[in-house]
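What follows is a set of notes on a single structure, which appears directly below.
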Amino acid sequence: MTIRCRIAPSPTGPLHIGTARTALFNYLFARHVGGTFILRLEDTDVARSTVEYERDILDGLHWLGIAWDEGPEVAGQAARGPFGPYRQMQRLPLYAEAAERLLREDKAYPCYCTPEELAADRFASEVAHRPPRYVGRCARLIAAERRAREAEGRKPVIRFRVGEGSVAFDDIVRGRVEFNVDALGGDLVIVRSDGTPLYHFTVVVDDAAMAITHVIRGEDHLSNTPKHILLFRALGAEVPDFAHLPLILNADRTKMSKRKSQTAMADYIAQGFVREALVNYLALLGWSSGTEEEIFTLDEIAGRFDLSRVQQGGAVFDRERLEWLDGQWIRRLSPDELVERMAPFLTAALAVRRAEGAVVRDPSEAELRSLVPLVRERLPVLGAIGSLVDFLFLEDVTVEPDLLVPKRWDVAQALDGLAQARRVIADVGAVSFEADEIEPPLRALCEARGWKAGDLFMAIRVAVTGRTTAPPLFDTMVALGYERTLARLDAAREGLAAVA
RNA sequence: GCCCCCAUCGUCUAGAGGCCUAGGACGCCACCCUUUCAAGGUGGAGAUCAGGGGUUCGAAUCCCCUUGGGGGCACCA
């Protein structure tokens with residue numbers, strides 16, 4: 001029997017980091033064992049589902065490189081796989097048929113309780129310090145009683161009889177887990193009064209119909225599992241194996257939430273994290289290779305992945321570590337790859353400056369390429385590109401006169417130093433304007449004057465970039481270009497002279 | 001309240017009875033490299049393995065209890 005697992009996101013919000021991680025683990029498991037990975041959209045919460053969220057989720061998974069073997073039609077691409085449709089709202093007849101069967105076999109029954117009655121029940125159990133549980137008011141109605149309620153115009157929900165006893169299963173990551181059916185909250189609603197099916201029901205009907213052999217999901221589903229097992233049995237279906245993954249946590253160790261953490265995958269993408277790093281990081285949240293290596297590609301992880309090496313305790317999401325990994329992966333990108341990926345971020349950053357009123361020029365392809373050595377070691381995320389090199393593309397940089405004067409120098413010396421530097425740099429000429437050509441004469445100048453090279457270089461750096469921290473000076477000047485470098489040197493000198 | 005799960009440096013983790021005076025990584029602190037910032041290198045601080053009982057010649061590893069934390073208990077998924 002081929003191994004089949006799935007990710008079943010609900011398009012009621014943007015792709016969540018936790019969903020991405022669960023999808024990743026399912027994908028890795030399937031790849032490792034040569035099984036089939038399925039994507040199924042659980043869109044039965046019509047009120048909250050949107051096509052925008054659906055797009056966001058599918059795009060995000062695709063961006064991460066998590067490809068599914070079977071799944072719904074997307075963006076003009078046909079649905080894939082023999083178990084479709086893969087969108088629950090298109091599977092309504094299946095649920096209706098399954099519910100009908102349970103009703104016929106008296107494993108489920110129509111319940112006419114009103115929301116008000118149920119709320120009152122809930123309140124009563126709360127007051128009595130009893131766990132909330134359906135009291136079973138409609139569990140034993142006779143036909144005439146049902147007809148009477150129908151006659152009143154009440155639209156029933158369908159409840160599944162959970163029965164009694166206990167349910168046990170062997171979780172792949174947690175071992176044997178046992179639940180007493182009493183603690184399940186009573187007979188559960190599987191179909192709403194409007195006829196649409198509920199999560200616990202659809203997930204089981206579909207996992208059964210799609211021949212899912214392994215259900216790999218977050219630990220928050222652990223206590224739902226007995227309900228699912230009971231439903232599998234009632235439906236006469238094979239019960240799959242379960243693996244409940246540890247939760248991803250906020251810094252305070254509660255379940256990762258939008259309120260306390262950045263949870264939307266799209267936000268990480270927008271900030272310029274690279275897919276390799278996100279995949280690598282997410283895989284390491286709850287799984288480890290057992291070796292001391294930790295930089296892995298998706299394929300490398302798939303080769304090593306094993307559910308038995310999944311951690312049982314929750315894992316706090318550590319953005320610092322993610323950024324470190326991101327830097328690692330950015331440094332591993334080829335120059336072409338880096339150019340391609342950082343270009344949109346630079347463009348966006350420059351657009352912002354332009355909108356603020358700055359005069360900005362657009363980098364050429366060649367310029368972009370020349371940026372690579374300046375930035376590759378300095379980007380924790382691609383989105384940092386703007387703050388790193390935007391000064392190269394701004395018509396004017398604002399130079400704080402104070403900063404032009406190194407600590408050991410006074411204004412007169414700074415003026416002199418900049419003038420001498422300007423002369424030396426000009427002498428290099430436009431044709432041989434390269435780092436190796438610029439540095440020696442400037443050092444010679446320092447030598448001749450008895451200046452510390454670092455002092456002169458700092459003055460030049462500020463003059464040319466407008467700031468005290470920047471990429472390596474000579475490469476920066478080359479990137480700026482001969483003319484612009486001289487112009488900024490002149491402007492800085494004038495600015496300093498004006499306030500002196 | 002009830003049920004279930006979990007528990008090794010601040011964080012992610014290695015550890016499946018002796019190899020542990022507990023290893024690695026992020027972060028932090030020094031130093032080196034160095035024109036700034038990074039990157040890189042070296043070193044350091046940081047965990048009485050939540051606490052207490054057992055089992056065993058021997059326990060971070062097995063069992064029990066306590067404590068702490070988390071998750072779940074919808075006509076949400």
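To find a chain, count down the sequence lines: A is the first, B the second, and so on, and within it residues start at 1.
- As rounded to the nearest Å, B:A22 and B:G44 have P atoms that lie 13 Å from one another.
- Considering only side-chain N and O atoms, A:Arg319 lies nowhere under 4.0 angstrom from the phosphate OP1 or OP2 of B:U11.
- Straight-line distance from the CG atom of A:Asn224 to the C1' atom of B:C73: 9 Å, rounded to whole Å.
- Contact annotation for A:Leu285: backbone-only contact, meaning every heavy-atom pair under 4.0 Å involves sugar-phosphate atoms and none involves a base.
- Of the candidates B:C12, B:U35, B:A77, the closest approach to any side-chain atom of A:His221 belongs to B:A77.
- Using a 4.0 Å cut-off, no side-chain N or O of A:Gln311 falls inside it from OP1 or OP2 of B:U8.
- As judged by a 4.0 angstrom heavy-atom cut-off over every strand, A:Ala470 is placed among the base-contacting residues.
- Judged by distance alone with a 3.5 Å cut-off, a donor-acceptor contact links the side chain of A:Ser193 to the base of B:C75.
- Atom C1' of nucleotide B:U13 and atom CD of A:Glu294 are separated by 9 Å, given to the nearest angstrom.
- A:Glu323 comes within contact range of no nucleotide atom at all, as no heavy-atom separation falls under 4.0 Å.
- Taking side-chain N and O atoms only, A:Ser288 has a distance below 4.0 Å to OP1 or OP2 of B:A14.
- Residue contacts shown for A:His244 are absent, as no nucleic acid heavy atom lies under 4.0 Å away.
- A:Val177 comes within 4.0 angstrom of the backbone, heavy atoms only, and of no base.
- Under the 3.5 Å distance criterion, the side-chain polar atoms of A:Asp194 are matched with a main-chain donor or acceptor of A:Thr196.
- Across all strands, A:Thr196 comes closer than 4.0 Å to no nucleic acid atom at all (heavy-atom distances).
- Backbone-only engagement by A:Arg331 is indicated by non-hydrogen atom pairs under 4.0 Å involving sugar-phosphate atoms exclusively.
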**Prompt:** Checking ring-ring contact (aromatic ring centres under 6.0 Å, His included) for the pair A:Phe201/A:Phe160: CA distance, chi angles, key distance, verdict?
**Reply:** CA-CA 9 Å; A:Phe201 189 49; A:Phe160 172 66; 8.2 Å; no
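- Comparing the C1' positions of B:G69 and B:A74 gives an interatomic distance of 25 Å, to the nearest angstrom.
- Across all strands, A:Asp220 comes closer than 4.0 Å only to sugar-phosphate atoms, never to a base (heavy-atom distances).
- For A:Glu178, the CD atom counts as densely surrounded, since its 6.0 Å shell holds more than 12 non-hydrogen atoms of other residues, nucleotides or ligands.
- To the nearest angstrom, C1' of B:A77 lies 12 Å from NZ of A:Lys227.
- B:C33 and B:A39: their C1' atoms are spaced 11 Å apart (whole Å).
- Using Watson-Crick or G-U wobble geometry with both donor-acceptor distances under 3.5 Å, B:A16 finds no partner in any strand shown.
- In this structure, A:Leu247 reaches the sugar-phosphate backbone alone: every heavy-atom distance under 4.0 Å involves primed, P, OP1 or OP2 atoms, never a base.
- Counting any heavy atom pair closer than 4.0 Å across all strands shown, A:Pro226 reaches no nucleic acid atom.
- Contact check, A:Arg154 against B:C75: no side-chain N or O comes under 4.0 Å of OP1 or OP2.
- Taking the six-membered ring where the residue is Trp, A:Phe474 and A:Phe457 present perpendicular rings, their angle passing 60° and hence far from 30°.
- Base pairing analysis places B:A47 opposite nothing; no Watson-Crick or G-U wobble pair with both distances below 3.5 Å involves it.
- One can find a donor-acceptor pair under 3.5 Å joining the base of B:C37 and the side-chain atoms of A:Arg378.
- If you take CZ of A:Arg443 and C1' of B:U35, they are 6 Å apart, rounded to a whole angstrom.
- When heavy atoms are screened at a 4.0 angstrom cut-off, A:Thr468 is found touching base atoms of the nucleic acid.
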**Request:** Decide yes or no on ring-ring contact (aromatic ring centres under 6.0 Å, His included) for A:Phe25 and A:His214, but give the supporting numbers first.
**Result:** CA-CA 12 Å; A:Phe25 278 42; A:His214 295 258; over 10 Å; no
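- Remark: A:Arg192 is in phosphate contact with B:C76, judged by side-chain N or O atoms under 4.0 Å from OP1 or OP2.
- The phosphate of B:G69 (OP1 or OP2) has no side-chain N or O of A:Lys255 nearer than 4.0 angstrom.
- The partner of B:G10, taking Watson-Crick or G-U wobble pairs whose two distances both stay under 3.5 Å, is B:C26.
- The side-chain heavy atoms of A:Asp187 and A:Tyr109, taken from C-beta on, include a pair separated by under 4.5 Å.
- Shown here, B:C62 forms a base pair with B:G54; the pair counts as Watson-Crick or G-U wobble because both key distances fall under 3.5 Å.
- At the heavy-atom level, A:Gln88 lies nowhere under 4.0 Å from the strands shown.
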